[in-house]
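Sequence lines set the chain letters: A, B, ... in the order given, protein chains first and strands last, and positions in each chain run from 1.
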Amino acid sequence: MSYTISEIAKSLGATALGDDTIRVGALAEPGDAGPNDLALATKPEYAEGLSNGRARAALIWDGADWQGLGLKAAIVAPRPRYAMSGLTAMMDLGEGWGDGIHPSAIIHETAQLGEGVHIGPLTVIGARAVIGAGTRVGPQVSVGADAVIGEGGLIREGVRIAARVRIGARVILNPGAVLGGDGFSFVTPEKSGAEAVRETLGDQGDAAAQSYVRIHSVGSVRLGDDVEVGANAAIDRGTVRDTVIGDRTKVDTLVMVAHNVVVGTDTLLCGLVGIAGSSRIGNNVVLAGQVGVGDNLFVGDNVIAGGGTKILSNVPAGRVILGYPAMKMDAHIDMYKHLRRLGRLVADVAQLKKAVSNGERSD
Amino acid sequence: MSYTISEIAKSLGATALGDDTIRVGALAEPGDAGPNDLALATKPEYAEGLSNGRARAALIWDGADWQGLGLKAAIVAPRPRYAMSGLTAMMDLGEGWGDGIHPSAIIHETAQLGEGVHIGPLTVIGARAVIGAGTRVGPQVSVGADAVIGEGGLIREGVRIAARVRIGARVILNPGAVLGGDGFSFVTPEKSGAEAVRETLGDQGDAAAQSYVRIHSVGSVRLGDDVEVGANAAIDRGTVRDTVIGDRTKVDTLVMVAHNVVVGTDTLLCGLVGIAGSSRIGNNVVLAGQVGVGDNLFVGDNVIAGGGTKILSNVPAGRVILGYPAMKMDAHIDMYKHLRRLGRLVADVAQLKKAVSNGERSD
Amino acid sequence: MSYTISEIAKSLGATALGDDTIRVGALAEPGDAGPNDLALATKPEYAEGLSNGRARAALIWDGADWQGLGLKAAIVAPRPRYAMSGLTAMMDLGEGWGDGIHPSAIIHETAQLGEGVHIGPLTVIGARAVIGAGTRVGPQVSVGADAVIGEGGLIREGVRIAARVRIGARVILNPGAVLGGDGFSFVTPEKSGAEAVRETLGDQGDAAAQSYVRIHSVGSVRLGDDVEVGANAAIDRGTVRDTVIGDRTKVDTLVMVAHNVVVGTDTLLCGLVGIAGSSRIGNNVVLAGQVGVGDNLFVGDNVIAGGGTKILSNVPAGRVILGYPAMKMDAHIDMYKHLRRLGRLVADVAQLKKAVSNGERSD
């Protein structure tokens with residue numbers, strides 16, 4: 001797999017400069033690049049790396065003196081990070097799985113596989129499951145009874161898709177992702193201490209210790225089109241209705257989405273995010289790594305939450321938040337400045353007390 | 001699978017009203033319910049949904065004007081959330097796995113399977129493992145050598161049960177759960193910087209950088225009866241004794257329980273909770289999502305910790321806590337109010353300083 | 001498997017006392033120990049447990065009156081915790097897997113297996129994969145195309161090793177660990193709200209809502225020698241270069257290491273730690289449980305971060321930190337003391353304002 005600079009530039013809608021017949025077969029950081037690589041030098045700070053490497057061609061920042069940097073050819077893209085999408089797609093070597101249905105896969109006779117579907121070794125496909133045309137299913141995957149997977153998907157090693165899960169088109173599920181674990185929903189015969197604390201914000205009252213009984217999850221999980229789910233992430237079944245992830249939303253590695261949660265479209269849930277039961281997340285939301293959202297909350301469209309934010313109450317649309325509990329990011333940054341000087345403030349107040357009390361006494 | 005309103009009410013110990021011969025085959029939220037569903041309208045705020053939906057029958061809140069809401073039949077339960085347990089159990093469609101031992105399963109000749117056990121396709125059962133009567137093991141599960149699983153359990157897709165793990169009766173393990181990964185226990189030849197920091201709370205001293213050697217985990221994992229473990233959760237082996245989860249305790253999705261931890265009975269560990277090595281958690285505890293517990297700590301019975309709480313010291317029984325580090329929930333809420341006004345406090349003190357200094361100067 | 005006290009002491013480089021011909025077959029905590037166990041009584045507080053148990057022999061703290069405690073034999077080690085490494089290695093019962101290549105494994109004809117390699121049942125080995133001599137691969141593992149695994153490794157149940165991953169010698173991968181999920185890297189056609197927030201620390205500006213396109217991960221994952229990765233942990237592919245874990249670094253259960261991250265040598269990443277994309281972690285670092293590191297940051301050598309620390313900016317070498325956002329541990333502890341008395345400070349300032357204003361008025 002190799003391409004000329006001309007082919008690459010054309011495919012990206014970018015401009016080729018210099019000898020656009022040079023062929024490259026891989027991408028590389030500037031300092032690591034060899035003569036058959038396309039170096040990625042999208043900012044001026046990569047200039048030194050370029051000089052140290054052996055690249056003949058590079059994706060460069062707008063205005064770079066590419067010839068002065070020793071290059072024979074260059075590609076200029078208006079938004080280089082966006083160009084990375086096309087470039088990496090061209091250079092992706094894939095999983096090396098082969099095609100067709102592996103003879104060791106165990107496929108229920110009532111399952112329906114679309115045209116061009118690949119099923120990897122030792123994968124299990126349940127009764128009445130439906131897999132859309134062109135979807136590639138890796139090794140050792142489980143697809144439960146009555147599950148439906150759309151067209152053009154990529155289902156990687158060891159993914160678990162439980163019974164009745166419905167998945168849109170072009171979905172990518174990374175290794176170990178689980179769709180359709182049980183919702184964590186239990187109830188005590190009488191009102192529990194935790195229920196009392198929710199009402200009182202701190203007081204359990206005299207609730208007696210009790211055992212839990214299980215509320216079964218009779219809902220399932222539903223993923224829109226173009227969703228991606230990260231390695232070992234888990235999306236639990238809904239209690240009555242489905243847990244839902246909207247179109248084009250991306251769910252990162254080790255994210256947990258609990259029962260009944262509804263996530264909108266074009267939203268990013270980054271690594272180790274946890275969303276508790278029945279909360280609703282809007283469209284175009286970004287929850288950075290390790291953000292937590294309490295249960296039964298609402299997070300509006302276009303909300304951006306910084307890393308580690310713990311959301312304990314509703315968040316209106318468009319807000320940018322940080323902290324535990326979450327507050328507006330700029331207010332948090334102000335507060336934090338004051339917090340770092342809290343010792344001095346305490347000392348100031350102590351001195352003031354002394355001054356005032358002396359003053360009073362001196363009256 | 002369908003039931004009359006009379007059958008459902010009887011099974012729940014609830015009261016049937018109206019035409020109790022109506023049959024329903026599924027549960028639904030009020031607005032989504034069709035004529036063959038039982039709508040779940042357990043609070044007055046669902047009245048509008050009911051009017052918009054097409055339900056003939058509903059589980060209603062006490063005192064609802066069910067006929068005025070257009071229903072032909074209704075069920076009234078004293079604690080509707082508790083009734084959900086029985087209702088969802090009746091309506092659970094299960095995993096659609098079939099019965100018996102799948103021919104592709106690889107079962108060691110010395111393993112013992114009780115009556116009515118189901119073993120799914122491509123599951124591996126190790127030497128001398130014992131599986132109790134009626135337990136259903138899904139596809140692609142690993143059961144290690146000398147593992148023991150009680151009666152009536154449900155072991156879902158891709159669960160990993162390591163050698164020597166012991167599991168009680170009626171346990172539910174969700175997809176991808178791991179029981180018996182290695183405990184994270186390493187030691188340096190000389191005292192390490194981390195050990196010094198524990199003693200000094202902040203000072204590494206002059207500990208030299210060293211490499212770690214492994215302390216093997218020769219303990220295993222032990223689960224009581226009626227335990228549930230969530231999708232992709234992981235409970236690590238103990239170092240010498242076992243890591244233990246008590247009867248009826250529920251462990252949610254992506255929870256991490258480290259080596260030697262002992263969790264009591266009737267406790268809830270919610271999504272992404274992490275409990276570090278050798279800590280002890282009491283009975284009837286609730287740790288909400290993303291709570292962390294440091295190593296070698298004690299969390300008493302009936303403790304309730306709000307979402308994201310980081311527990312860095314022992315917690316006495318019955319306490320309700322929140323925050324990082326954890327403090328009493330009501331104190332945390334008070335503190336947080338002051339914190340939001342910290343900028344104003346700083347300004348007040350600055351003004352006071354000026355006023356007092358002017359006063360002094362004016363003397 | 002049993003050893004005499006003499007054999008054990010010799011193997012540990014420790015001192016045997018009393019009847020060193022006594023044989024023990026397992027380790028036990030003092031109170032649980034039977035006559036054929038070696039009790040682990042490494043601190044004076046275990047004396048009572050020893051008296052309650054039935055141990056004949058123990059690993060004891062320096063200076064213990066072992067005869068007075070009823071023991072017939074004892075082992076004294078200069079650093080008992082370090083001795084635990086050797087002791088637990090001697091007593092480790094292993095996984096009980098057997099040897100050789102299980103006939104149900106599906107091994108590509110172009111894969112190369114070194115001498116003495118064990119491949120468990122239902123494991124899949126991809127095209128051109130290389131597995132070093134003596135490495136033991138458990139059941140239901142996936143090894144992708146062109147992956148390379150060094151000598152003497154232990155790859156446990158259901159591990160996923162994606163295409164092109166390279167792993168050093170003597171690596172231990174716990175059940176469900178995933179190496180080589182996709183990096184979470186997406187880009188919008190125009191500058192996004194999240195990009196604006198990074199620059200302004202809080203203001204999205206007027207960025208329009210957009211959909212994401214995927215940046216493929218053409219890098220892979222590289223692990224050094226003697227690395228351990230915990231159960232259900234996940235290390236994602238790099239975008240262009242590899243994601244790298246250095247020699248002797250230990251990655252705990254449910255840890256998430258994102259694309260392009262480079263972790264140094266001899267570092268510990270404890271349970272549920274998350275490291276966002278492109279960050280660099282030094283050598284001999286300790287990140288305690290649930291620590292988070294933002295993207296594109298640098299954490300220097302010998303940094304120690306306490307449980308739950310959220311690292312939102314670079315951390316210089318040698319620093320001991322805690323909190324959200326991270327600050328020096330001793331400063332955090334001071335701040336926290338003041339924070340607990342914040343209500344009193346607020347009251348003091350209110351009183352001062354009254355006193356000063358009265359004073360002013362009284363002038």
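Contacts between B:A276 and chain C at a heavy-atom distance below 4.5 Å are absent for every atom of the residue. Within the 4.5 angstrom heavy-atom criterion, only side-chain atoms of B:R160, from C-beta onward, approach chain C. Contacts of C:Y324 with chain B are made by both backbone and side-chain atoms, with heavy-atom separations under 4.5 Å. Using a 4.5 Å cut-off between heavy atoms, C:L40 touches chain B through its side chain atoms alone. At a 4.5 Å heavy-atom cutoff, B:T200 makes no contact with chain C through either its backbone or its side chain. The part of C:Q290 that comes within reach of chain B is its side chain, from C-beta onward, which places non-hydrogen atoms under 4.5 angstrom from that chain. Heavy atoms closer than 4.5 Å to chain B are found in the side chain of C:I333, but not in its backbone. When heavy atoms are compared at a cutoff of 4.5 Å, B:L342 approaches chain C solely by way of its side chain, counted from C-beta outward. The part of C:L254 that comes within reach of chain B is its side chain, from C-beta onward, which places non-hydrogen atoms under 4.5 angstrom from that chain. In this structure, chain C has no heavy atom under 4.5 Å from any part of B:A258. Of the atoms belonging to C:L272, it is side-chain heavy atoms, and not backbone ones, that fall under 4.5 Å from chain B. For B:L201, the parts lying near chain C are the backbone and the side chain together; criterion is any non-hydrogen pair under 4.5 Å. Neither the backbone nor the side chain of B:V257 comes within less than 4.5 Å of any heavy atom in chain C. For chain B, no part of C:L38 is nearby; none of its heavy atoms comes within less than 4.5 Å. Neither the backbone nor the side chain of B:V159 comes within less than 4.5 Å of any heavy atom of chain C. Only the side chain of B:L352 comes within less than 4.5 Å of a heavy atom of chain C; its backbone N, CA, C and O stay farther away. The contact between C:V286 and chain B is made entirely by side chain atoms (from C-beta outward), counting heavy-atom distances below 4.5 Å. For chain B, the nearby part of C:R156 is the side chain; its heavy atoms alone come within less than 4.5 Å. Looking at C:L322, both its backbone and its side chain come within 4.5 Å of chain B, counting heavy atoms on both sides. B:A209 touches chain C through backbone and side chain together, each having a heavy atom under 4.5 Å away.
Under the 30°/60° scheme for interplanar angles, the aromatic rings of B:F184 and B:F186 are found to stand perpendicular.
Residues B:S278 and B:D295 have side chains that never bring a donor and an acceptor to within less than 3.5 angstrom of each other. Checking B:S220 against B:D242 by side-chain atom types alone, no donor-acceptor pair falls below 3.5 Å. Side-chain atoms of B:R128 and B:T110 include no donor-acceptor pair closer than 3.5 Å. Side chains of C:D266 and B:S211: a donor on one and an acceptor on the other come within 3.5 Å.
Between the side chain of B:N260 and the main chain of B:T239, a donor-acceptor pair closer than 3.5 Å is present.
Within a 6.0 Å radius of CZ in C:R79, other residues, nucleotides and ligands contribute more than 12 heavy atoms.
The shortest side-chain heavy-atom distance between C:I101 and C:H118 does not fall under the 4.5 Å cut-off.
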